[in-house]
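Taking it in order: structure first as structure tokens, then the write-up.
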Number of protein chains: 2
Amino acid sequence: MACVEKYLTWYKEIIKKNGIKNTVQKEAVLNVLIKASSHLTVEEIYQQIKDVKIGLATVYRSLKLFEDLGIAKEIPMGGARYYELKLFGKKPLHIHFKCMNCNAMTDIDDTETNLDYIRLNQKVEHKMGLEVNDANITLLGLCKECREKLNAQTK
Amino acid sequence: MACVEKYLTWYKEIIKKNGIKNTVQKEAVLNVLIKASSHLTVEEIYQQIKDVKIGLATVYRSLKLFEDLGIAKEIPMGGARYYELKLFGKKPLHIHFKCMNCNAMTDIDDTETNLDYIRLNQKVEHKMGLEVNDANITLLGLCKECREKLNAQTK
DNA sequence: CTACCTGCAAAACGTTTGCAAGACG
DNA sequence: CGTCTTGCAAACGTTTTGCAGGTAG
């Protein structure tokens, strides 16, 4: 994937611009996040880094840094904290879905739907006189597979 | 408030129906939640109970129980966990707003807006073939007061 | 009277921090 | 070379658990 390389360069640019040093550890965390298809916990990110010597504390520190720089975003869900990247290619806002049966956490990848939510957020912003910079939207329920499976059992 | 009494009776009904024993401790936790205007952390709930002998562990156990029974709902936000009641008088879904400046966590109490979000959730449900039972929506930004304060400083 | 519930203290868990050594620029 | 960063281990705050005693139904 050429995209991974390109994004990585961009991220490193942001880090450098803020007077922070680029290290193999930060790069490793970024790499995992870029390649991740879904949202990961700190522990999962830590486990997926095997080619670089890294401590758990550094993963925490890197993620906090990335949050401050606006690179990454935390999504809290029932005790756990998931992380994902915010920039480049990702929508500025998107909806998360958590299946209460299989516990999978996925994105709802539908441009029109995402736009609907963004429009609604703007409406709220004007109506209430607030300034909305970010939004966490998580729907909970049954995913398509689990729904069909459970329906089949109860028939 | 007669409402507090009424709700309390209803909640105790639910607890009894599920074969769980009603105790002064559970009642105390419910009372705090019913009377609370905003969302509370476990520690805050614990502190507000003074007339009953109760241990922190019991507060945790009660809240978990209430969640399982569908009485209460957890709202995770940046490390902390807030709790609120789900039933009776409360909207089935409403939007939380967290101010990044003063850290206050409030509800967006606007029926029309809440309905907009519910409609949107239903749209997603049908479009993606999911079953949506619940939704966590938290907007992050600046509240009206902080926004004006900060604007005044930068002029 | 029995099953469930409670308080307490200990344990478990996730996250943060102090420090000396090391790496980036 | 100075500053920022790291790994390690200890500290920390929150949540869970085991257990003996207590209470609701």
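Chain identifiers are assigned alphabetically (A, B, ...) following the order of the sequence lines, protein sequences preceding nucleic acid strands; residue numbering begins at 1 within each chain.
- Side-chain atoms of K53(B) and base atoms of dT6(C) include no donor and acceptor less than 3.5 Å apart.
- Regarding Y83(B), its OH atom lies at a distance of 13 Å from the P atom of dT14(D), rounded to whole Å.
- In this structure, the CD atom of E43(A) is 11 Å from the C1' atom of dC13(C), given to the nearest Å.
- Rounded to whole angstrom, the span from the CD atom of E67(B) across to the P atom of dT15(D) amounts to 12 Å.
- In this entry the distance linking CD1 of I54(A) with P of dG7(D) reads 6 Å, nearest Å.
- One cannot find a donor-acceptor pair under 3.5 Å joining the base of dA23(C) and the side-chain atoms of K21(A).
- Taking the side chain of V42(A) as heavy atoms from C-beta on, and the options dT15(C), dT16(C), dA24(D), the nearest nucleotide is dT15(C).
- For T23(B), no side-chain nitrogen or oxygen approaches OP1 or OP2 of dC4(C) to under 4.0 Å.
- Atoms NZ (K26(B)) and P (dA24(D)) sit 10 Å apart, rounded to a whole Å.
- Other residues, nucleotides and ligands contribute more than 12 heavy atoms inside 6.0 Å of the NZ atom of K127(A).
- The side chain to side chain donor-acceptor pair (under 3.5 Å) test with T113(B) singles out one residue from T111(B), D116(B), D110(B), and that residue is D110(B).
- When the nucleotides dC8(C), dC8(D), dT15(C) are ranked by their closest atom to the side chain of R61(A), dC8(D) comes out on top.
- One atom, CG of L56(B), and another, C1' of dT17(D), lie 14 Å apart when rounded to the nearest Å.
- Tested against Q47(A), the residues K50(A), E43(A), E44(A) include a single side chain to side chain donor-acceptor pair (under 3.5 Å) partner, E43(A).
- Between the OH atom in Y117(B) and the CD1 atom in I95(B) there is a gap of 5.0 Å [rounded to 0.5 Å].
- Map I20(B) and K64(B) each onto its nearest nucleotide of DNA chain D; the residue landing nearer the 5' end is K64(B).
- Residue K16(B) is out of contact with every strand shown, counting any heavy-atom pair closer than 4.0 Å.
- One can place CG of N18(A) at 16 Å from C1' of dC24(C), the figure rounded to the nearest angstrom.
- The nucleotide whose nearest atom lies closest to any side-chain atom of Q25(B) is, among dT16(C), dT6(C), dT15(D), dT6(C).
- Nearest-nucleotide positions on DNA chain D for Y60(B) and N22(B) put Y60(B) closer to the 5' end.
- Remark: C1' of dC8(C) and OH of Y46(B) are 11 Å apart, rounded to the nearest angstrom.
- Of the listed nucleotides (dC4(D), dA9(D), dT6(C)), dT6(C) has the atom at the smallest distance from the side chain of T58(B).
- Side-chain atoms of H96(A) and N136(A) include no donor-acceptor pair closer than 3.5 Å.
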